J.: 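Below you'll find the structure I mean.
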Amino acid sequence: MATHLECFFLKLEPLLTMARTFLVWFLCLGVPCFFVIIDAGVYGDHQNLHPRTISGANHYHKDIRRLQAFKASLTRHASVASTPSSFSSSSASSPLLSEGVNNPRVYHVTSYGADPSGNSDSTEAILAAIADAAKVPSQGQLMQGITDLGGVHVDLEGGSYLISRPLRLPAARLGNLMIHGGTIRASNNFPEDGYLIDLSSTSSSSSSSNNNNNNENNGANSESSRSSRYNFEYISFKDLLLDSNFRGGGISVINSLRTNIDNCYITHFTTNGILVQSGHETYIRNTFLGQYVTAGGDKNEKNFSGTGISLLGNDNAVTDVVIFSAAIGIMVTGQANTFSGVHCYNKATGFGGTGIYLKLPGLTQTRIVNSYMDYTSIVAEDPVQLHVSSSFFLGDANIVLKSVNGVVNGVSIVDNMFSGSGSGVEIVQLDQSKNSFNQIDQAIVDRNIVRGMNLKATVAKMSIQGNGTLWNVDFSNVLLFPNLIRNVQYSLSSSGGTFPNHALRNVSENKVVIETSEAVDANVFVTVDQSMVI
């Protein structure tokens, strides 16, 4: 009899699978339904089969347990996560927690009472969701002392939420958490110096941040003490629109490690769209920033203020980012940062704006590649190890090297395109209003394509033809640094059978003088270089 029963269950299993599928769909759609177990003795080849005729209690109980397990599986499917539509901060437990169910680590802010229409204040609800997300069981550690939350998500569910104070994590020393998928707007009473999302610790201070930077540069601390300085690690902000409502900034990342800001749109800020201070390796990608929503040519462009991105730390990267309105596109006061695919058409240089400002004299260590300076310039103070290449400068946008202590060292500006209005703007300009550049080493400006602007370079070639004993070759209109030629190569080719003696007589004021021992009809070709290592 047990053998026949096993055959029966094998035949019944496809029907049970189909019943389970239909029941789950009915439950998900909210359709009232009931479940009927058909007596096995009515249909099938075993018409005489009935629980009362089964011989042996073990087989009977085994089959009953199989049916009970099947029923329990249907119950589990039916109980997956319909979350409450409202939440009180005084509730004893998270709305996502339900007894006996293993919930996914996604915290929906509407389950806490957040208003996705943006009509009412959702600050407390979103903070409650973030607080619960920060309480999930630890998955171990990232950097020493930083708890791995396992990739927990705070889901804004595509809503638009009004907040009246910054959103902050409830405690420091956390990592592997994401906030994503919606719009956050500042209310009219939001703090004017606040940030919509504030990734900082209440115990952080500017003095400790400064000490951190000094310790990083000195390298004197152990790995343990270094790791203890970071507030957070691997926190991600993705697919967000942040509207600061002209009250403060968008995102503040203080003393954190490996932070991701991806696919965000940040607008109406008055301080910084994104502030990164201390810490390491904040990556900003696929993001749009603008104080005002414009696509260029705004009649109020002269009034733009604020900074799109402010980097007060080291080892960060900005990739495929647009800054469309701000006084300064990117302000950099930390070293070893990388920019790629950046498009700045914020407040035009002619109106006092700057695309990228490198304000770290003597410690620049910045790479800018494949970017687009659209009517906005790059300004670098005392640049040391600065590389700019494969970029496009439109509308008289150029590169300004600004002297603070007179240092230019390890600068390469190569393989760029410049397009201007024909008004005589130099592609690379020296600002020596404070001090002249007197420490120049390994500066290379070469192979740039120029139209409608004045070419400047550190390497130049020229040929002249004439008859006489002196050949004056003037490079002063081309060479970047005044009165600086470190290397000269020339050739002299005379017509006829004359072979005069010749010599390099003078190199000053970026002019080269070559003299022959007798008057001769000759062609002189000269190459000069300002970039030789000293």
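All figures in this text were calculated on a predicted structure; none of them were measured in a lab. Just so it is clear, the values below take in all heavy atoms, side chains as well, and ignore hydrogens, waters and symmetry mates.
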J.: A side-chain contact here means heavy atoms from C-beta on lying under 4.5 Å apart; do D396 and S423 qualify?
T.: yes

J.: Quick test of your reading: applying salt bridge (Lys or Arg N to Asp or Glu O under 4.0 Å), list the pairs with at least one residue in residues 144-158, sequence neighbours left out, ordered by first then second residue.
T.: none

J.: For T123 and Y161, what are the C-alpha separation, side-chain angles and deciding distance, and is it a side-chain contact (heavy atoms from CB on, under 4.5 Å)?
T.: CA-CA 8 Å; T123 308; Y161 304 94; over 6 Å; no

J.: With no hydrogens and no angle check, just 3.5 Å: does a side-chain donor-acceptor pair link T366 and T364?
T.: no

J.: Does anything in residues 117-138 form a ring pair (Phe, Tyr, Trp, His ring centres under 6.0 Å)? List the pairs, not counting sequence neighbours.
T.: none

J.: Would you please indicate yes or no on a ring centroid separation below 6.0 angstrom for Y375 and Y345?
T.: no

J.: Which heavy atom of N448 sits nearest a heavy atom of V414, and at what distance?
T.: OD1-C, 3.5 Å

J.: Any side-chain to backbone donor/acceptor pair from T110 onto H108? Under 3.5 Å, distance only.
T.: no

J.: State, with a plain yes or no, whether a side-chain heavy atom of I440 is found less than 4.5 Å away from one of L484.
T.: yes

J.: Is there any salt bridge (Lys or Arg N to Asp or Glu O under 4.0 Å) pair reaching into residues 271-297, and which pairs are they, with sequence neighbours excluded?
T.: R258-E281

J.: Between S412 (side chain) and I444 (backbone), is there a donor-acceptor pair under 3.5 Å?
T.: no

J.: Might you confirm whether atom OH of Y372 has over 12 heavy atoms from other residues, nucleotides or ligands at distances under 6.0 Å?
T.: yes

J.: Judged by modelled atom types alone, do H180 and D239 share a side-chain donor-acceptor pair under 3.5 Å?
T.: no

J.: Provide the closest heavy-atom pair for I356 versus C344 in the form atom of the first, atom of the second, distance.
T.: CG1-SG, 4.3 Å

J.: Keeping D431 on the side-chain end and K402 on the backbone end, is there a donor-acceptor pair under 3.5 Å?
T.: no

J.: With rounding to the nearest 0.5 Å, note down the distance linking CG in D243 to CZ in F269.
T.: 11.0 Å

J.: Output every pair passing salt bridge (Lys or Arg N to Asp or Glu O under 4.0 Å) with a member in residues 353-369, not counting sequence neighbours, ordered by first then second residue.
T.: K359-E381

J.: What is the minimum heavy-atom distance between G355 and M373, and which atoms define it?
T.: CA-SD, 4.5 Å

J.: Show me, pair by pair, the donor-acceptor contacts under 3.5 angstrom made by side chains of residues 190-199, not counting sequence neighbours?
T.:
| residue | atom | partner | partner atom | Å |
| --- | --- | --- | --- | --- |
| Y195 | OH | N272 | ND2 | 2.9 |
| D198 | OD1 | S200 | OG | 2.6 |

J.: For residues V332 and I309, determine if any side-chain heavy atom of one lies less than 4.5 Å from a side-chain heavy atom of the other.
T.: no

J.: Of N398, V379, N454, which is the lone residue that meets side-chain contact (heavy atoms from CB on, under 4.5 Å) with Q429?
T.: N398

J.: Would you call the rings of Y230 and H280 parallel, tilted or perpendicular, where under 30° means parallel and over 60° means perpendicular?
T.: perpendicular

J.: Rounded to the nearest 0.5 Å, how far does CG of L289 lie from CD of Q291?
T.: 11.5 Å

J.: Side chains of T147 and R173 only: does a donor on one sit below 3.5 Å from an acceptor on the other?
T.: no

J.: Ring centres of Y292 and F246 under 6.0 Å apart?
T.: yes

J.: How far apart are the C-alpha atoms of L275 and I254, what are their side-chain angles, what is the distance that settles it, and do they pass the side-chain contact (heavy atoms from CB on, under 4.5 Å) test?
T.: CA-CA 8 Å; L275 169 66; I254 307 296; 4.2 Å; yes

J.: So, N245 and H268: side-chain donor and acceptor under 3.5 Å apart, yes or no?
T.: no

J.: Quick one, I184 with L156, criterion side-chain contact (heavy atoms from CB on, under 4.5 Å). Give me CA distance, side-chain angles, the key distance, then yes/no.
T.: CA-CA 9 Å; I184 300 173; L156 300 182; 3.9 Å; yes

J.: Are the side chains of Y112 and D132 in contact, using a 4.5 Å heavy-atom criterion?
T.: yes

J.: With a 4.5 Å limit on heavy-atom distance, are the side chains of F393 and V388 in contact?
T.: yes

J.: Could you report the tightest heavy-atom contact between S391 and N416, atom names first, then the distance?
T.: N-OD1, 3.0 Å

J.: Answer yes or no: is there a donor N or O on one side and an acceptor on the other, between the side chain of N176 and the main chain of G151, under 3.5 Å?
T.: yes

J.: To the closest 0.5 Å, what do you measure between OG1 (T338) and CG (D315)?
T.: 8.5 Å

J.: Only one of V342, V276, I274 passes side-chain contact (heavy atoms from CB on, under 4.5 Å) with V318; say which it is.
T.: V342

J.: Return yes if some donor-acceptor pair links the side-chain N/O of T527 with the main-chain N/O of K461 below 3.5 Å, else return no.
T.: no

J.: Can a donor-acceptor pair be found, under 3.5 Å and without considering hydrogens, that links the side chain of E233 to the backbone of M143?
T.: yes

J.: Side chains of Y283 and D262: do they bring a donor and an acceptor to under 3.5 Å?
T.: no

J.: L242 versus I251: any side-chain heavy-atom pair under 4.5 Å?
T.: yes

J.: For residues 108-121, which residue pairs qualify under salt bridge (Lys or Arg N to Asp or Glu O under 4.0 Å), counting only residues two or more places apart or in two chains?
T.: none

J.: Which atom names give the shortest non-hydrogen contact between T376 and K347, and what distance separates them?
T.: CG2-O, 3.5 Å

J.: Does the N316 side chain pair with the main chain of G313, one donor and one acceptor, at a distance under 3.5 Å?
T.: yes

J.: Are there over 12 heavy-atom neighbours, none belonging to F392, within less than 6.0 Å of that residue's CZ?
T.: yes

J.: CG of D374 to NE2 of H343: how many Å apart, nearest 0.5 Å?
T.: 4.0 Å

J.: Report the distance from atom OG1 of T458 to atom CG of L480, rounding to the nearest 0.5 Å.
T.: 7.0 Å

J.: If only atom types and distance count, is the side chain of E301 paired as donor or acceptor with the main-chain N or O of A348 below 3.5 Å?
T.: yes

J.: Please round to the nearest 0.5 Å and tell me the distance separating atom CG of N487 and atom CG of D529.
T.: 6.0 Å

J.: Would Q530 and V528 count as a side-chain contact (heavy atoms from CB on, under 4.5 Å) if you check the C-alpha gap in whole Å, the side-chain angles of each, and the deciding distance to 0.1 Å?
T.: CA-CA 7 Å; Q530 296 185 320; V528 294; over 6 Å; no

J.: Step by step, work out the side-chain hydrogen bond (donor to acceptor under 3.5 Å, both in side chains) result for R185 and S160.
T.: CA-CA 7 Å; R185 302 182 188 276; S160 179; 3.2 Å; yes

J.: Can you label the angle between the F481 ring and the F437 ring as parallel, tilted or perpendicular, going by 30° and 60°?
T.: perpendicular

J.: Which heavy-atom pair separates N405 from D382 by the least distance, and what is that distance?
T.: N-OD2, 2.6 Å

J.: State, with a plain yes or no, whether a side-chain heavy atom of I179 is found less than 4.5 Å away from one of Y107.
T.: no

J.: Check whether the side chains of T349 and S377 place a donor and an acceptor atom closer than 3.5 Å, and report yes or no.
T.: yes

J.: Is the shortest heavy-atom distance from the side chain of I323 to the side chain of T307 under 4.5 Å?
T.: no

